Amino acid sequence: MNEFVKNLEKVVVPRNVITQPHKTERYRTAYRSGVGEASCVVKPNTLVEFWNVLQLCVKFDKIIIIQAANTGLTQGSTPEGPYDRDVVIINTLKINKIFLLNDNKNVLCFPGCSLSDLEKKLKPHGRLPHSVLGSSCFGASVVGGVCNNSGGALVQRGPAYTELSLFARINEKSELELVNQLGFDLGVDPMKMLEELDKGLSKHLLTKFRTKGQKNRSYEQIVRDVNADTPARFNANPNCLKDASGCAGKVAVFAVCMDTFPAHERLKTFYIGTNDTDQLQKLRKSVLEEFNSLPVIGEYMSRPTVEVSQKYGKDLSLIIKYFGSNAINKLFFLKSKFDDHFAMLLKKENISDYILQFFCNLLPCILPKRIQFFKKKFEHHLILKMENNGIEEARFFLEQFFNKENGDWFECNKHEAKLAEINRFVTAAAVIRKKNILEISTGPILALDIALKRNEEDWFEILPKAISKDIYNFFYYGHFFCHVMHHDYILKKEISPDIIKKKMLKILDKKGAEYPAEHNVGRHYIAKKQLAEFYRDLDPTNTFNPGIGGLPTGKYYTK
C-alpha cells in the first residue's frame with residue numbers, strides 16, 4: 001500500500017478508499033460512454049473529511065475529479081487522459097445535508113444532495129427547487145446542476161445559478177484555499193468553518209445570513225424574446241459564469257445556497273400532436289408572445305423518440321411510477337454491481353440490459369391509449385404543462401389553433417400526464433439501452449446538446465444524405481420553448497463519431513446555434529475562449545478535472 005493511500009485511510013474510513021480497478025470501474029465510467037483510469041476513489045462522509053482529502057491530493061500532486069451521482073451526459077465527471085499525474089476521484093454522495101432557510105425561501109445544499117432529495121424536503125412546505133427531477137437526468141445533484149449551469153425542462157427558470165457558494169480552489173502557488181461566498185460569517189479558519197457546517201446551522205449563523213446576489217430572475221424576459229438572433233441559454237454564456245456557477249468541476253464545491261419557489265396551485269397537461277413542424281413553431285411563438293402565463297414545461301419528442309422511450313425505458317418508467325424517483329439511484333447502483341460481476345464471469349458487458357429488456361418485451365405497452373393513438377397518427381409530439389390561469393389560456397388557444405387537419409390535442413388526466421412526462425424523461429436511458437442491446441450491429445452513440453437561436457424558424461433537423469447515410473437511428477427531443485434540443489444518434493457500425501460530429505457542428509455554426517446548451521462541455525465539446533479563460537482563472541494549476549472542454553491535461557495546462 002503506497003503512502004498516499006495510507007494517509008487517505010487516516011482521514012476517511014478505510015472502506016471508503018477504493019483502489020481495486022474492478023471496484024472503481026463504475027466511478028470511472030461515464031453515463032453514456034467513455035471509461036478512464038484512476039488510482040483510487042475516495043468517498044468522504046463530511047465536509048471536514050472532504051477538505052482533508054483535498055489537502056492530501058495537493059500534497060501528493062494528484063489530479064482531482066469530483067463527482068456525485070455521475071449522471072453527466074458529456075463525460076464531465078470521469079477521467080479520460082492521458083494524464084501526467086495520478087487521478088483521484090472524490091465521490092461526494094455521502095455528504096448530502098440540506099438546510100431550509102429564510103422561511104423555506106432559500107436552501108443550503110451540501111455537494112451530495114440530489115434534486116429528488118431536495119424536492120422531497122421542500123414538498124411539505126409547499127415549495128419547489130429551481131429544477132425538478134428529469135430536468136437534467138435522474139439522480140442528478142443540486143451542486144452538479146449549478147456547476148454545469150444546467151437549464152432543464154422548466155420554462156420559467158433558466159440555468160441553475162447562484163452567487164452564494166462555499167468552494168475550495170488551488171491558487172497559482174499550488175496552495176489550497178477555502179473561499180466563502182455563502183452569505184454566512186464563518187470566520188477564517190477552514191477547519192473551524194467546515195466543522196461548524198458539519199454540525200448544522202446554529203441560530204447565530206442564521207441571523208447573519210444574507211440572500212443578496214444569488215438570483216437569476218431575468219430568464220422569463222429572455223425566453224419570451226422570440227425575435228432575438230441568439231439562443232436563450234447556453235453553457236458558455238458569460239452572464240452565468242461566476243465562482244461555482246458554471247465551474248464544471250474546476251473547483252471543489254462544498255455547499256451552495258439556492259432560491260426555492262412556490263408550489264403550483266393548479267396544474268394541467270395538454271398533449272399535442274402534428275405532422276407539420278411549422279405548426280409547432282407558430283404555436284411556440286404565440287404562447288411566448290401572447291400568453292400572460294409561461295408554460296411550466298413544453299417538451300418536444302419526435303415519434304421515434306416516443307417509441308424508443310416506451311419500449312426501452314419501460315422498466316424505468318414503471319419503477320418511477322410505482323416507487324418514485326428516489327428508487328432510481330439505488331437501482332442503478334445494484335444494476336452496476338450486477339453488470340460488474342457478470343462482466344468478469346462471462347466477459348460480456350451490460351448483461352442486465354439484456355435481461356431487463358427480455359422481461360420488458362413480455363409486458364404490453366404502458367403508454368395510455370390516447371398517447372398510443374397520437375403516436376401512430378403524428379410525427380411530432382409536444383407535452384405542454386400549464387399552471388393556474390395559464391390552464392384556461394392554453395385551453396382556449398388550442399381550441400382555436402388546431403382544426404384536426406393541422407394537428408390535434410387533448411387534456412391529460414393525471415394518469416396520462418404522469419406517464420407522458422415519465423416517458424419523456426427516460427429517453428436518454430432508453431437510447432443507451434437500445435444501443436447496448438444492438439451493440440454487435442451498430443456503432444457508438446453520438447449525442448448533441450444544442451441551443452438554437454430564439455428566432456430560428458428551421459428548428460427541426462433534416463440532415464444531408466452525406467451524413468444521414470451513416471446513422472442507424474435518429475432521436476430528437478428537447479425543451480421546445482427554450483429552443484434547447486437534444487439529438488441522439490446511434491451510428492452505423494465502424495462509423496467515426498468524431499468525423500460525423502465535425503460535419504454536424506459545421507451545420508450548427510452556420511445556423512448560429514450554441515453548443516452545448518445545458519450538459520456542459522465535458523470531454524465532448526471544445527470550450528470557447530471566454531469559457532476556457534474562466535476555467536483557467538478558477539484553476540491555474542490545472543489540478544481539478546483537467547482536459548474538459550478540450551483544454552490540455554498537463555499541469556499548468558501543458559500538453
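Please read all numbers here as calculations on a predicted model, not as lab measurements.
Because its NZ or CZ atom is not both nearer than 6.0 Å to the ring centre of F261 and within 45° of the ring axis, R127 does not count as a cation-pi partner of that residue.
Distance check, rounded to the nearest 0.5 Å: OG1 of T274 to CG of L283 gives 9.5 Å. We find the CE-CG distance between M504 and D509 to be 13.5 Å, quoted to the nearest 0.5 Å. Here the straight-line distance linking atom CG of N106 with atom OG1 of T162 works out to 9.0 Å at 0.5 Å rounding. Taken to the nearest 0.5 Å, the CG atom of L438 stands 11.0 Å off from the CG atom of D353. One finds the NE2 atom of H487 at 11.0 Å from the CZ atom of F474 (value rounded to the nearest 0.5 Å). With values rounded to the nearest 0.5 angstrom, K314 atom NZ is found 11.0 Å from R433 atom CZ.
The residue from R454, R233, K528 that alone fulfils the salt bridge (charged side-chain N to carboxylate O under 4.0 Å, His left out) condition with E514 is K528.
Heavy atoms only, all atoms of each residue included: A517 and V484 are closest at CB-CG1, 3.7 Å. Annotation for V426 and N423: closest pair CG2-O, 3.5 Å, computed over non-hydrogen atoms. Looking at every heavy atom in both residues, S165 comes nearest to V256 through CB-CG1, 4.1 Å. Closest of all the heavy-atom pairs between I495 and P444 is O-CD, 4.0 Å.
With no hydrogens or angles considered, no side-chain donor-acceptor pair links D276 and N406 at under 3.5 Å. Looking only at atom types and distance, the side chain of D408 has no donor-acceptor partner in the side chain of Y271 under 3.5 Å away. Looking only at atom types and distance, the side chain of S77 has a donor-acceptor partner in the side chain of N70 under 3.5 Å away. Between the side chains of Y312 and Q310, no donor-acceptor pair is found at a separation under 3.5 Å. Between the side chains of Q75 and H519, no donor-acceptor pair is found at a separation under 3.5 Å. In summary, the side chains of T427 and S309 do present a donor paired with an acceptor at a separation below 3.5 Å, with no hydrogens or angles considered. In this model, a donor atom of one side chain and an acceptor atom of the other lie less than 3.5 Å apart for Q357 and N361.
Put simply, the side chain of K285 never gets that close to the backbone of V226: no donor and acceptor are under 3.5 Å apart. Looking at N413, its side chain does come within 3.5 Å of a backbone N or O of H415 through a donor-acceptor pair. In this structure, the side chain of S141 does not engage the main chain of A68 through any donor-acceptor pair within 3.5 Å. Between the side chain of W459 and the backbone N or O of T277, at least one donor-acceptor pair lies under 3.5 Å. Using modelled atom types, no side-chain atom of N473 and backbone atom of P304 make a donor-acceptor pair closer than 3.5 Å. A donor-acceptor pair under 3.5 Å is formed between the side chain of N403 and the backbone N or O of E405. Side chain of E518 to backbone of N235: no donor-acceptor contact under 3.5 angstrom is found. Of the possible polar contacts, none joining the Y515 side chain to the Y525 backbone as a donor-acceptor pair under 3.5 Å is found.
E163 is not listed as a side-chain neighbour of D243, based on a closest heavy-atom distance of 4.5 Å or more. In this structure the side chain of I297 reaches within 4.5 angstrom of the side chain of L154, judged on heavy atoms. Using a 4.5 Å heavy-atom cutoff, the side chains of I272 and H381 are not in contact. A heavy-atom distance below 4.5 Å is found between the side chains of Y489 and L448. The closest side-chain heavy-atom distance from P497 to L491 is below 4.5 Å. Using a 4.5 Å heavy-atom threshold, the side chains of N520 and N149 count as separate. Residues M258 and V142 form a side-chain contact, since some pair of their non-hydrogen atoms from C-beta on lies under 4.5 Å apart. At least one side-chain heavy atom of F480 sits less than 4.5 Å from a side-chain heavy atom of L382.
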message: Apply side-chain contact (heavy atoms from CB on, under 4.5 Å) to residues V107 and L118 and explain how you reach the verdict.
response: CA-CA 9 Å; V107 61; L118 180 55; 3.5 Å; yes
Item checked: Steps toward side-chain contact (heavy atoms from CB on, under 4.5 Å) verdict (H483, K453) -> CA-CA 7 Å; H483 255 195; K453 295 187 299 183; over 6 Å; no
task = Output, in order, the C-alpha distance, side-chain angles, deciding distance and verdict of side-chain contact (heavy atoms from CB on, under 4.5 Å) for V521 and L531.
result = CA-CA 10 Å; V521 289; L531 183 61; 3.9 Å; yes
| request: Take R284 and E457 through the test salt bridge (charged side-chain N to carboxylate O under 4.0 Å, His left out) and record every step on the way to the result. | output: CA-CA 10 Å; R284 174 180 174 270; E457 299 285 339; over 6 Å; no
ask   = side-chain contact (heavy atoms from CB on, under 4.5 Å) between H130 and D259: does it pass, once the steps are laid out?
value = CA-CA 7 Å; H130 173 277; D259 291 338; over 6 Å; no
- Message: side-chain hydrogen bond (donor to acceptor under 3.5 Å, both in side chains), that's the test. Do Q279 and H380 meet it? Break it down for me.
- Response: CA-CA 10 Å; Q279 283 300 116; H380 306 285; over 6 Å; no
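Remark: aromatic rings of W409 and F401 are distant, center separation not under 6.0 Å. Side-chain rings of F110 and F99 approach one another, their centers coming within less than 6.0 Å. Between Y477 and Y300, the gap from one ring centroid to the other reaches at least 6.0 Å. For F460 and Y476, the ring centers are positioned less than 6.0 Å apart.
Other residues, nucleotides and ligands contribute over 12 non-hydrogen atoms within 6.0 Å of the CD atom of Q400.
Ion pair D470/K492 not flagged as a salt bridge, since none of the NZ, NE, NH1 or NH2 atoms sits closer than 4.0 Å to an Asp/Glu carboxylate oxygen. Ion pair E220/R224 flagged as a salt bridge, since at least one NZ, NE, NH1 or NH2 atom sits closer than 4.0 Å to an Asp/Glu carboxylate oxygen. Using a cutoff of 4.0 Å between basic side-chain nitrogens and carboxylate oxygens, D458 and K511 are scored as salt-bridged.
Considering only residues two or more places apart in sequence or on other chains, R370 meets the side chain to side chain contact (heavy atoms under 4.5 Å, CB included) condition with F410, E416.
Annotation: salt bridge (Lys or Arg N to Asp or Glu O under 4.0 Å) contacts involving residues 299-309, sequence neighbours excluded, comprise E299-R424, R303-E379.
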